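The model shown is predicted, which means the values in this text are computed figures rather than measured ones. Numbers restart at 1 for each chain; the letters A, B, ... are given by sequence-line order, proteins then strands.
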Amino acid sequence: MIRRIKGTNDIIEDSYVWEWVEDKLRSVSKKFGFSEIRTPIFEATELFKRGVGTDTDIVQKEMYTFEDKGGRSITLRPEGTAPVMRAFVEHSLDSRGLPQKLFYIGPMFRYEKPQAGRLRQFHQYGAELIGSSRPEADVEIIVLAVEALKALGLKEFKLKINSTGCEKCRPKYKEALKEYYKPLLPKLCDDCQIRYDRNILRLLDCKKDAQYAKSAPIILDYLCDECKEHFNRVKELLDTLGVDYEVDPTIVRGLDYYTRTVFEITSTSLGAQDALAGGGRYDHLIEELGGRTTPSVGFAMGMERVMIALEREKKLPDKPSPQVYVVAVEDEQRPRALSIAFELSKEFIVETDVMGRKMKSQFKNASKLGAHYVIIVGEEEMKSEIYTLKNMFDGSQVKLSLSEIKRRLKEEKCDSNLQWH
RNA sequence: GUGGCUGUAGCUCAAUUGGUAGAGCGUCGGACUGUGGAUCCGAAUGUUGCGGGUUCAAGCCCCGCCAGCCACCCCA
């Protein structure tokens with residue numbers, strides 16, 4: 001048997017949950033004025049090296065990179081921001097006016113060891129607000145992320161924010177950190193020894209050496225006036241909007257492109273892989289990709305994790321079931337049953353038997369599928385063209401013509417809780 | 001990439017000290033020849049994750065691989 005690749009999933013029984021989640025996310029995004037962008041699933045490897053940063057874990061060990069037949073180095077996208085920015089530059093979207101507000105939903109690929117909530121092919125929803133350096137933009141993005149989770153019905157999550165400063169103040173902070181950790185260096189874990197030189201900020205969120213991080217210098221004390229002002233405005237606006245958050249000076253984020261605001265939304269109902277969404281401001285990514293300086297903010301949300309959280313919080317939608325199931329009493333009525341089913345399927349969700357089942361089994365099948373109504377087509381109905389409509393929820397039944405049945409089903413559709421639209 | 005746990009029917013799990021694989025659920029059918037969700041009866045389905053080894057004999061022991069889970073790493 002050929003099996004699926006490690007760390008990938010077939011979405012079968014749950015596909016209606018995916019549809020539901022995607023519908024909600026699209027709808028919230030549009031309400032915030034964002035429109036969907038769909039970029040290719042693979043890109044030139046160079047895009048991620050430059051966009052995400054060569055020092056990041058993603059680029060160093062997690063990319064699915066291969067050479068195509070033309071000898072080009074191709075990479076399956078590990079994240080969504082760099083491709084969106086590439087498209088922004090490539091199509092000169094700034095000439096259409098700023099800001100550009102874009103969202104995406106789709107698969108991402110990272111070569112990691114799988115566990116619950118961490119897959120090699122996973123799916124992200126994300127949004128980018130391109131072209132504004134103002135704190136209002138940060139807040140709009142943060143609020144969108146929070147509202148998206150709320151729209152799905154999630155409650156058990158926490159928003160944490162921080163500022164990582166800019167190219168002016170961050171070097172000073174890094175220096176202060178180096179100073180602080182220098183005497184501690186021999187006591188740090190192996191990973192932190194390497195991080196000390198490569199990316200000192202990462203020492204802060206190391207779980208093994210968390211004891212030292214507590215009394216380490218805090219970036220917020222090193223922010224330049226502009227960054228400090230920006231961060232304060234973000235907090236004020238969040239307060240004004242009544243958004244709950246917590247300032248966490250240890251979140252630094254794994255991608256190199258972030259400047260100033262960074263944030264994370266973690267679920268309190270998940271295990272180790274508890275980050276539902278993460279994002280921040282990236283003021284220099286676009287110029288890194290050859291565009292003109294265009295300050296921007298964005299975030300990405302992990303759809304699998306959101307769905308695990310929905311399950312934990314018991315917020316999954318009900319599976320949609322057919323509105324009507326057309327039953328043929330005898331073989332003679334099968335063609336009629338089929339044509340009624342096709343006719344009704346122009347307006348309703350219809351099922352009918354194609355397995356040659358006896359009437360009894362057709363009924364069993366109708367209940368198993370959760371059909372609200374059954375239309376019985378027997379000899380009598382065939383002649384009179386007045387069919388029996390049975391309500392499977394309360395067992396009642398009436399005799400109606402096809403057009404009366406349609407009218408009845410239409411009324412039912414309005415107060416049906418089987419649909420989520 | 002590191003460490004630990006696990007792998008038996010579609011699903012959840014049994015199987016004495018190694019002795020020739022079973023139950024529930026589900027599926028399908030029947031009891032019920034124009035009426036489902038209850039009940040009863042019956043049927044189908046396994047290279048015991050894969051490969052090797054030890055043994056008269058392996059689901060069980062040993063080794064390797066694969067996959068999943070948990071934690072680390074990191075993140076969504």
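Looking at the side chain of K358(A), the nearest of the listed nucleotides rA76(B), rG30(B), rA67(B) is rG30(B). Of the candidates rG34(B), rC69(B), rA76(B), rG34(B) carries the atom nearest the V329(A) side chain, counting heavy atoms from C-beta on. You'll find that the side chain of R357(A) is closest to rG29(B), out of rC72(B), rG29(B), rU35(B). Taking every side-chain heavy atom of N365(A) into account, rC28(B) is the closest of rU35(B), rC73(B), rC28(B). Distance from the side chain of R118(A) is smallest to rG1(B) among rG30(B), rG1(B), rU35(B). The side chain of K113(A) has rG3(B) as its nearest neighbour among rG3(B), rA67(B), rA76(B). Of the candidate nucleotides rU35(B), rG30(B), rC69(B), rG30(B) has the atom nearest to the side chain of S361(A). Nearest to the side-chain atoms of F363(A) among the listed nucleotides rU35(B), rC73(B), rC75(B) stands rU35(B). Out of rU35(B), rG34(B), rU27(B), the shortest distance to the side chain of K368(A) is found at rU27(B).
Using a 4.0 Å heavy-atom criterion, one finds that G126(A) contacts no nucleic acid atom at all. Counting any heavy atom pair closer than 4.0 Å across all strands shown, R4(A) reaches no nucleic acid atom. Using a 4.0 Å heavy-atom criterion, one finds that K6(A) contacts the sugar-phosphate atoms exclusively. Nucleic acid contact class of M392(A) (heavy atoms, under 4.0 Å, all strands): base. Contact annotation for Q60(A): no contact, since no heavy-atom pair falls under 4.0 Å across all strands. Among the protein residues, Q273(A) comes within range of the nucleic acid bases, having at least one heavy atom under 4.0 Å from a base atom. Residue contacts for L276(A): at a heavy-atom cut-off of 4.0 Å it reaches the sugar-phosphate backbone alone, with no base atom in range. Residue G7(A) is classed as a sugar-phosphate contact, given heavy-atom separations below 4.0 Å to backbone atoms only. Contacts of D274(A) with the nucleic acid, taken as non-hydrogen atoms under 4.0 Å apart, include base atoms. Contacts of E112(A) with the nucleic acid, taken as non-hydrogen atoms under 4.0 Å apart, include base atoms. Residue-level contact check: A116(A) touches the backbone only, with heavy atoms under 4.0 Å from sugar-phosphate atoms and none from bases. Contact annotation for R3(A): backbone-only contact, meaning every heavy-atom pair under 4.0 Å involves sugar-phosphate atoms and none involves a base. Counting non-hydrogen atoms under 4.0 angstrom, E379(A) reaches a base of the nucleic acid.
Distance check: T266(A) OG1 to L159(A) CG gives 9.0 Å after rounding to the nearest 0.5 Å. Within the model, atoms CG of D14(A) and CE of M307(A) stand 8.0 Å from one another, a figure rounded to the nearest 0.5 Å. Distance CD1/I200(A) to OH/Y173(A): 9.0 Å, rounded to 0.5 Å. Of the inter-residue distances, the one linking S269(A) atom OG with L310(A) atom CG reads 9.0 Å to the nearest 0.5 angstrom. How far CG of L93(A) is from CD1 of I286(A): 9.5 Å, rounded to the nearest 0.5 Å. Rounded to the nearest 0.5 angstrom, L338(A) CG and R334(A) CZ are separated by 10.0 Å.
For the pairing with K406(A), the side-chain hydrogen bond (donor to acceptor under 3.5 Å, both in side chains) check across E411(A), E347(A), E343(A) returns one residue only, E343(A).
In this structure, rG46(B) forms no base pair with any nucleotide, since neither Watson-Crick nor G-U wobble geometry is met with both distances under 3.5 Å. Pairing partner, rG3(B): rC70(B), with both Watson-Crick or wobble hydrogen-bond distances short of 3.5 Å. Both distances falling under 3.5 Å, in either a Watson-Crick or a G-U wobble arrangement, place rA23(B) opposite rU12(B). Of all nucleotides present, only rG53(B) satisfies the Watson-Crick or G-U wobble test against rC61(B), with each distance under 3.5 Å. The nucleotide rC40(B) finds its pairing partner in rG30(B), both defining distances of the Watson-Crick or G-U wobble pair being shorter than 3.5 Å.
Between rA14(B) and rA23(B), the distance separating the two C1' atoms is 7 Å to the nearest Å. Comparing the P positions of rU54(B) and rG46(B) gives an interatomic distance of 29 Å, to the nearest angstrom. Across rG37(B) and rA21(B), the matching P atoms stand 36 Å from one another, rounded to whole Å. Between the P atoms of rC69(B) and rU17(B), the separation comes to 32 Å (whole Å). Using P as the reference atom, rA44(B) and rG1(B) are 45 Å apart when rounded to the nearest Å. rU33(B) and rU48(B) are spaced 41 Å apart, taking the P atom of each and rounding to whole Å. Taking atom C1' on both nucleotides, rG26(B) is separated from rC13(B) by 14 Å, rounded to a whole Å. A distance of about 11 Å separates the C1' atoms of rU8(B) and rC60(B), rounded to the whole Å.
Taking atom NZ of residue K364(A) and atom P of nucleotide rC40(B), one finds them 13 Å apart after rounding to whole Å. Rounded to an integer number of Å, the gap from CD1 of I12(A) to P of rC11(B) is 11 Å. We find that CE of M355(A) is positioned 13 Å from P of rU27(B), with the value rounded to whole Å. With rounding to whole Å, R120(A) atom CZ is found 11 Å from rA67(B) atom C1'. Distance CD (Q333(A)) to P (rU35(B)): 14 Å, rounded to an integer number of Å. The distance between atom CE of M359(A) and atom P of rU35(B), rounded to the nearest whole Å, is 5 Å. Computed from coordinates, the E330(A) CD to rG34(B) C1' distance equals 8 Å when rounded to whole Å. Following rounding to the nearest Å, Q362(A) (CD) and rU35(B) (P) show an atom-to-atom distance of 13 Å.
For K24(A) and E19(A), the salt-bridge test fails: no basic side-chain N is under 4.0 Å from an acidic carboxylate O.
Summary of the strand contacts: Y111(A) and N391(A) both lie near RNA chain B, and taking for each the nucleotide with the nearest heavy atom, the more 5' one is attributed to Y111(A). For the pair K390(A) and R305(A), both in contact range of RNA chain B, the more 5′-proximal nearest nucleotide belongs to K390(A).
Contact annotation: Q115(A) reaches the phosphate of rA71(B) (side-chain N/O to OP1 or OP2, under 4.0 Å).
For Q397(A) and rU35(B), a side-chain-to-base donor-acceptor distance below 3.5 Å is present, hydrogens and geometry of angles not being considered. On a pure distance criterion of 3.5 Å, a polar donor-acceptor pair joins the side chain of E381(A) and the base of rG34(B).
Annotation: cation-pi geometry satisfied between R120(A) and Y111(A) (NZ/CZ under 6.0 angstrom from ring centroid, within 45° of ring axis).
At a cut-off of 3.5 Å, with distance as the only test, a side-chain donor of T261(A) or D138(A) sits close to an acceptor on the other residue.
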